Enquirer: 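Before I ask anything, let me first share the structure, which is written out below as structure tokens.
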Amino acid sequence: QVQLAESGGGLVQPGGSLRLSCAGSGEFYKIYEMGWYRQVIGQERVLVAAISERSGTTYVDSVKGRFTISADNAKNTIELQMNNLKPEDTSIYYCKASAQVTRTSPKRNYWGQGTQVTVSS
């Protein structure tokens, strides 16, 4: 199993910055990809940014040039640096990891508990 611990959410004014962190722990063979998704109550959860050794980085168009995802593979952690935040970035942000528990088990997705990001003046 993979446990994901998120931190770094909060309240910020428009134009401000926040940094989200997610640390993976537990018993597993390998984490292949990690990423950040966000969800507004009543709407579907959508990809914000993802990172993997194989594919590099991926961003949703609305955050390109403002958000940067980075990874420390040795520590199984990712960070999301969010700059020039806008009110429409307000959401619950979830960390996701795609991992194998053993070398022969199928990949499956694991989710963190979520952290609230609120952009408001």
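Fair warning: this is a prediction, and the values are worked out from it, not measured in the lab.
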Enquirer: With a 4.5 Å cut-off on side-chain heavy atoms, are M82 and V117 touching?
Expert: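 Answer yes - side chains close enough.
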
Enquirer: I31 and Y110: side-chain contact (heavy atoms from CB on, under 4.5 Å), yes or no, with the steps?
Expert: CA-CA 10 Å; I31 292 177; Y110 298 86; over 6 Å; no

Enquirer: Give, for atom CD of E79 and atom CH2 of W36, the distance between the pair rounded to the nearest 0.5 Å.
Expert: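 Those atoms lie 9.0 Å apart.
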
Enquirer: In Å, rounded to the nearest 0.5 Å, how long is the span from NZ of K30 to CG of N73?
Expert: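 One gets 8.5 Å once the value is rounded to the nearest 0.5 Å.
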
Enquirer: Roughly how far, to the nearest 0.5 Å, is CD of Q13 from OG1 of T118?
Expert: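 That separation rounds to 13.0 Å.
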
Enquirer: Verify the neighbour count for atom CD of E27: are there more than 12 heavy atoms of other residues, nucleotides or ligands below 6.0 Å?
Expert: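 Open: at most 12 neighbouring heavy atoms sit under 6.0 Å from CD of E27.
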
Enquirer: Salt bridge check, D89 against K86: does any charged N sit closer than 4.0 Å to a carboxylate O?
Expert: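 No salt bridge links K86 with D89.
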
Enquirer: Side-chain contact test, heavy atoms from C-beta onward, threshold under 4.5 Å: evaluate it for S25 versus N76 and give yes or no.
Expert: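 Side-chain contact under 4.5 Å: no.
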
Enquirer: Verify whether the ring centers belonging to Y37 and W111 lie closer than 6.0 Å.
Expert: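 Yes, they do, as the ring centres are separated by less than 6.0 Å.
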
Enquirer: Show the nearest heavy-atom pair for residues Q113 and E6, with the distance to one decimal.
Expert: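 Nearest pair, atom of Q113 first, then E6: N-OE1, 3.1 Å.
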
Enquirer: Would the distance check show the side chain of R66 and the main-chain N or O of N84 forming a donor-acceptor pair, the cut-off being under 3.5 Å?
Expert: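 Such a contact is found between R66 side chain and N84 backbone.
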
Enquirer: Restricting to non-hydrogen atoms, name the atom on Q39 and the atom on Y94 that form the minimum distance, rounded to 0.1 Å.
Expert: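 Distance-wise, the nearest heavy atoms are OE1-CE1, 3.8 Å.
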
Enquirer: Would you check if L85 and F67 make a side-chain contact, meaning some heavy-atom pair closer than 4.5 Å?
Expert: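 Yes. Closest side-chain heavy atoms under 4.5 Å.
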
Enquirer: Going by heavy atoms in the side chains, are V60 and V46 under 4.5 Å from each other?
Expert: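 The answer is no, as the side chains (C-beta and beyond) never meet within the 4.5 Å cut-off.
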
Enquirer: Would you please say whether a donor-acceptor pair under 3.5 Å links the side chains of T77 and D72?
Expert: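 Looking only at side-chain atoms, D72 and T77 do not form any donor-acceptor pair under 3.5 Å.
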
Enquirer: Run the numbers on M34 and S52 for side-chain contact (heavy atoms from CB on, under 4.5 Å), then give the verdict.
Expert: CA-CA 7 Å; M34 295 182 75; S52 68; over 6 Å; no

Enquirer: Could you give the distance from CZ (R54) to CD (E33), rounded to the nearest 0.5 Å?
Expert: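 That separation rounds to 10.5 Å.
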
Enquirer: Would you please name every residue forming a side chain to side chain donor-acceptor pair (under 3.5 Å) with Y29, sequence neighbours left out?
Expert: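 Y29 satisfies side chain to side chain donor-acceptor pair (under 3.5 Å) with no other residue.
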
Enquirer: So, do S17 and Q81 sit near enough that their side-chain heavy atoms are less than 4.5 Å apart?
Expert: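 The answer is yes; the side chains approach within 4.5 Å.
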
Enquirer: Please name the pair of heavy atoms, one in I92 and one in G114, separated by the smallest distance, quoted to 0.1 Å.
Expert: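 Closest heavy-atom pair between I92 and G114: CG2-CA, 3.9 Å.
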
Enquirer: List the steps and the verdict of side-chain contact (heavy atoms from CB on, under 4.5 Å) for I78 and S21.
Expert: CA-CA 6 Å; I78 59 171; S21 296; over 6 Å; no

Enquirer: What are the two closest heavy atoms between A99 and V2, and how far apart are they?
Expert: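 In this case the closest contact between A99 and V2 is CB-CG2, 3.9 Å.
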
Enquirer: When you measure from the side chain of S98 to the backbone of N109, do you find a donor-acceptor pair of N or O atoms at a distance under 3.5 Å?
Expert: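 Answer holds: no.
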
Enquirer: Nearest 0.5 Å, what's the CZ-CD distance between R38 and Q43?
Expert: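 Answer for the CZ-CD pair, R38 versus Q43, is 10.5 Å.
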
Enquirer: Test Y93 against V48 for side-chain contact (heavy atoms from CB on, under 4.5 Å), laying out the working first.
Expert: CA-CA 9 Å; Y93 284 70; V48 176; 4.1 Å; yes

Enquirer: Identify the two heavy atoms, one from T90 and one from Q116, that lie closest to each other, and give their separation to 0.1 Å.
Expert: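 Minimum heavy-atom contact is CG2-NE2, 4.0 Å.
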
Enquirer: Report yes or no: do Q100 and Y32 form a side-chain donor-acceptor pair below 3.5 Å?
Expert: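 Short answer, yes.
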
Enquirer: What closest approach, in Å, do V12 and G16 show between heavy atoms, and which atom pair accounts for it?
Expert: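 Where V12 meets G16 most closely, the heavy atoms are CG2-CA, 3.7 Å.
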
Enquirer: Any side-chain heavy-atom pair from P87 and P14 closer than 4.5 angstrom?
Expert: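 In contact.
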
